[in-house]
Amino acid sequence: MSTLFETTEINGMKLANRFVRSATWEGMATENGECTPRLVEVYRRLAEGQVGMIITSHAYVRRDGQAGNLQLGIHEDPLKDGLKRMVDAVHGAKGKIVVQLSHAGFFANAKLSGTAPLAPSPAEQYAKSPREILTEKDIQEIVVSFGQAATRAKEAGFDGVQLHGAHGYLMSQFLSPAFNKRSDAYGGAVENRARALIETLDEVRRAVGKDYPVLIKMNGEDFLEGGLTLSDSLKVGRMLQDAGIDAIEVSGGTVVSGAFGASRAGVKSQDKEAYFRTASKAFKEALDVPIILVGGIRSPDLAEKLLEQEIADYFSMSRPLIREPD
């Protein structure tokens, strides 16, 4: 049998194979972020298709972190009932499901949240509307919100949580010199730029305990002038490993990276697949935690080669599983 279908484990979470459904945005929640029957059905079908681990669409941990219309929320306790129905549907099909915790920061939608988007520092070149610059007190409040959201996730029965630290959302903004121009303890050297993320991981770990899977999705590179480089992202990866992260999903690009964003068109041959493989290989060589590779993966034989070459441990996809959840 292919090694892609061997049983593995991430901090006690047993996975039937090495395929992961990566987070996306379905636009199927209610206006308040509540899980709907339609969304439950999406995840039930994914579980029946036997993908090893499902990562939900990005769920905002605070209303001011909402990115899109009808986005899933995990920002308040009444949402747990709907989330539990999602979890129960997946578990009923013998699947595993992890919820992605997110705050859009600079790229939050003010029309939806009713408040000005929050940002580590001004970055007018990426948006015309005003942003509210985060104080250190604001940062700590957001850190706490991630911990509270993780508690809700565990209470709803999710098998783990994933922090969204990629694609130019809030934690990615802190990591990136293109967005983070701060001169305090949260800016400057990469160790400072990673501070908000490490504090968030610490808070989440306190909330859920050491035996509960906590993953992260982060950029290898931003593909922006003055953005996060692979060298700095590897330093962050080591910090996350030291702080107790259980697995890292390696992605890249931001919502303003153009053709070099996270989701790319024109993947019609194997040479264009797995377009973050260079970063994944670097992470795999530098770290001991499991590495999940995302980005244009289409061919099982290519995934098997990448596994054999020790470029990644797991392979994460979204569009193929939207098209063919079975």
Of Asn17, Val20, Leu302, Leu4, which is the lone residue that meets side chain to side chain contact (heavy atoms under 4.5 Å, CB included) with Phe315?
Leu4
Under a side-chain separation threshold of 4.5 Å, the hydrophobic residues clustered together with Val144 are none
Please give me the minimum heavy-atom distance between Lys217 and Ser22, naming the atom from each residue.
NZ-CB, 4.1 Å
Test of understanding: with side chain to side chain contact (heavy atoms under 4.5 Å, CB included), list the residues that count as partners of Pro325, not counting sequence neighbours.
Arg45, Leu46
Give a yes or no answer on whether the side chain of His167 reaches the backbone of Tyr169 with a donor-acceptor pair at less than 3.5 Å.
no
Without swapping roles, check the side chain of Ser257 against the backbone of Gly253 for a donor-acceptor pair under 3.5 Å.
no
Without swapping roles, check the side chain of Trp25 against the backbone of Asn69 for a donor-acceptor pair under 3.5 Å.
yes
Do Leu118 and Leu170 land in one hydrophobic cluster if side-chain heavy atoms of ILVMFWY residues count as linked below 4.5 Å?
yes
Considering only heavy atoms from C-beta outward, does the side chain of Leu39 approach that of Met86 to under 4.5 Å?
yes
For Gln241, does the CD atom sit with more than 12 other heavy atoms under 6.0 Å from it, leaving out its own atoms?
yes
Can Glu199 and Gln140 be counted as having a side-chain donor-acceptor contact under 3.5 angstrom?
yes
What is the distance from atom CZ of Phe5 to atom CG of Leu15, rounded to the nearest 0.5 Å?
13.5 Å
Only distances under 3.5 Å count here; give the side-chain donor-acceptor pairs of residues 289-300 to other protein atoms, sequence neighbours excluded, each with its distance to 0.1 Å.
{"unit_1": "Ser299", "atom_1": "OG", "unit_2": "Glu273", "atom_2": "OE1", "d": "3.4"}
{"unit_1": "Ser299", "atom_1": "OG", "unit_2": "Glu273", "atom_2": "OE2", "d": "2.5"}

Give, for atom CG of Leu224 and atom CZ of Phe179, the distance between the pair rounded to the nearest 0.5 Å.
5.5 Å
What I want to check is whether the side chains of Glu26 and Ser57 have a donor and an acceptor closer together than 3.5 Å.
yes
Which value, rounded to the nearest 0.5 Å, describes the distance between Tyr60 atom OH and Ile74 atom CD1?
11.5 Å
Please tell me whether Thr8 and Tyr314 have a donor and an acceptor in their side chains that are separated by less than 3.5 angstrom.
yes
All heavy atoms of Pro177 vs all of Gly227, minimum pair found to be CD-C, 3.6 Å
Rounded to the nearest 0.5 Å, what separation is found between the CG atom of Asp77 and the CD atom of Gln148?
8.5 Å
Following the transitive rule for hydrophobic clusters with a side-chain heavy-atom cut-off under 4.5 Å over Ile, Leu, Val, Met, Phe, Trp and Tyr, establish whether Leu240 and Ile10 coincide in one cluster.
no
Do the side chains of Ile55 and Val208 join up, straight or via other hydrophobic residues, at under 4.5 Å, putting them in one cluster?
no
For the backbone of Asp326 and the side chain of Glu48, can you confirm whether one donor and one acceptor N or O come within less than 3.5 Å of each other?
no
Taking all non-hydrogen atoms of both residues into account, name the closest pair between Gly157 and Val87 and its distance.
O-CG1, 3.3 Å
Could you tell me whether the side chain of Phe19 reaches within less than 4.5 Å of the side chain of Gln50, counting heavy atoms only?
no
For Glu31, does the CD atom have more than 12 heavy-atom neighbours from other residues, nucleotides or ligands under 6.0 Å away?
no
Please report the C-alpha distance between Glu155 and Arg152 in whole Å, then the side-chain angles of each, then the deciding distance to 0.1 Å, and finally whether the salt bridge (charged side-chain N to carboxylate O under 4.0 Å, His left out) criterion is met.
CA-CA 5 Å; Glu155 291 173 348; Arg152 293 184 192 105; over 6 Å; no
Output the distance between atom OG1 (Thr278) and atom CD1 (Ile311), rounded to the nearest 0.5 Å.
8.0 Å
How about NZ on Lys281, more than 12 heavy atoms from neighbouring residues, nucleotides or ligands closer than 6.0 Å, or not?
no
Trace of the salt bridge (charged side-chain N to carboxylate O under 4.0 Å, His left out) decision for Lys84 with Asp88
CA-CA 6 Å; Lys84 188 177 186 304; Asp88 289 346; 3.0 Å; yes
Beyond-backbone contact of Leu215 with Leu163, side-chain heavy atoms, under 4.5 angstrom
no
Donor-acceptor under 3.5 Å (Lys305 side chain, Asp301 main chain):
no
Could you pull out all donor-acceptor pairs under 3.5 Å where a side-chain atom in residues 242-250 meets a protein atom, sequence neighbours excluded?
{"unit_1": "Asp246", "atom_1": "OD1", "unit_2": "Asn11", "atom_2": "ND2", "d": "3.4"}
{"unit_1": "Asp246", "atom_1": "OD2", "unit_2": "Asn11", "atom_2": "ND2", "d": "3.0"}
{"unit_1": "Asp246", "atom_1": "OD2", "unit_2": "Arg205", "atom_2": "NH2", "d": "2.8"}
{"unit_1": "Asp246", "atom_1": "OD2", "unit_2": "Val214", "atom_2": "N", "d": "2.9"}
{"unit_1": "Glu249", "atom_1": "OE1", "unit_2": "Gln162", "atom_2": "NE2", "d": "2.7"}
{"unit_1": "Glu249", "atom_1": "OE2", "unit_2": "Ser316", "atom_2": "OG", "d": "2.8"}

Nearest heavy-atom pair of Gly73 and Leu83: which atoms, and what distance?
O-CD1, 4.1 Å
Got more than 12 heavy atoms from elsewhere within 6.0 Å of CD, Glu225?
no
N-O pairing of Arg206 and Glu203 below 4.0 Å:
yes
Main-chain N/O of Tyr186 paired to Asn192 side chain as donor or acceptor, under 3.5 Å
no
Are Phe158 and Ile216 linked, directly or through other ILVMFWY residues, by side chains that come within less than 4.5 angstrom of each other?
yes
Taking only distance into account, with no hydrogens and no angle test, what donor-acceptor pairs under 3.5 Å do side-chain atoms of residues 259-268 form with protein atoms, sequence neighbours excluded?
{"unit_1": "Ser263", "atom_1": "OG", "unit_2": "Arg319", "atom_2": "NH2", "d": "3.3"}
{"unit_1": "Arg264", "atom_1": "NE", "unit_2": "Gly261", "atom_2": "O", "d": "3.1"}

If only atom types and distance count, is the side chain of Thr56 paired as donor or acceptor with the main-chain N or O of Gln100 below 3.5 Å?
yes
Could you tell me whether the side chains of His75 and Ser145 share a donor-acceptor contact shorter than 3.5 Å?
no
Is a side-chain donor or acceptor of Asp159 paired with a backbone partner of Val98 at a separation under 3.5 angstrom?
no
Shortest non-hydrogen separation from Ser233 to Gly220 and the atoms involved
OG-O, 2.9 Å
In terms of side-chain heavy atoms, does Asn32 have a donor or acceptor partner in Thr30 at a distance below 3.5 Å?
no
Hydrophobic cluster partners of Leu70 (side-chain heavy atoms under 4.5 Å):
none
Are Cys35 and Val40 side-chain neighbours, meaning at least one heavy-atom pair lies under 4.5 Å?
yes
Point-to-point distance, once rounded to the nearest 0.5 Å, from CZ of Phe223 to CG of Leu228:
10.0 Å
Does any non-hydrogen side-chain atom of Met53 lie less than 4.5 Å from one of Arg21?
no
Short side-chain to backbone donor-acceptor contact, Glu9 and Lys14, under 3.5 Å:
no
Whether the Glu304 and Ser2 side chains hold a donor-acceptor pair (N or O, under 3.5 Å, no angle test) is what I'd like checked.
yes
Any idea which heavy atoms bring Ser102 and His58 closest together, and the distance?
CB-CB, 3.8 Å
Indicate yes or no: at least one non-hydrogen side-chain atom of Asp232 is less than 4.5 angstrom from one of Arg193.
yes
Residues, nucleotides or ligands: over 12 heavy atoms within 6.0 Å of Gln309 CD
yes
With distance as the sole criterion, is a donor-acceptor pair present between the side chains of Ser176 and Asp222 under 3.5 Å?
yes
Between Gln71 and Asn109, do the side chains contain an N or O donor and an N or O acceptor separated by less than 3.5 Å?
no
When you measure from the side chain of Arg18 to the backbone N and O of Asp313, does any donor-acceptor pair fall under 3.5 Å?
yes
Do Val99 and Ile142 sit in one hydrophobic cluster, given that two such residues count as connected whenever their side-chain heavy atoms are within less than 4.5 Å of each other, even indirectly?
yes
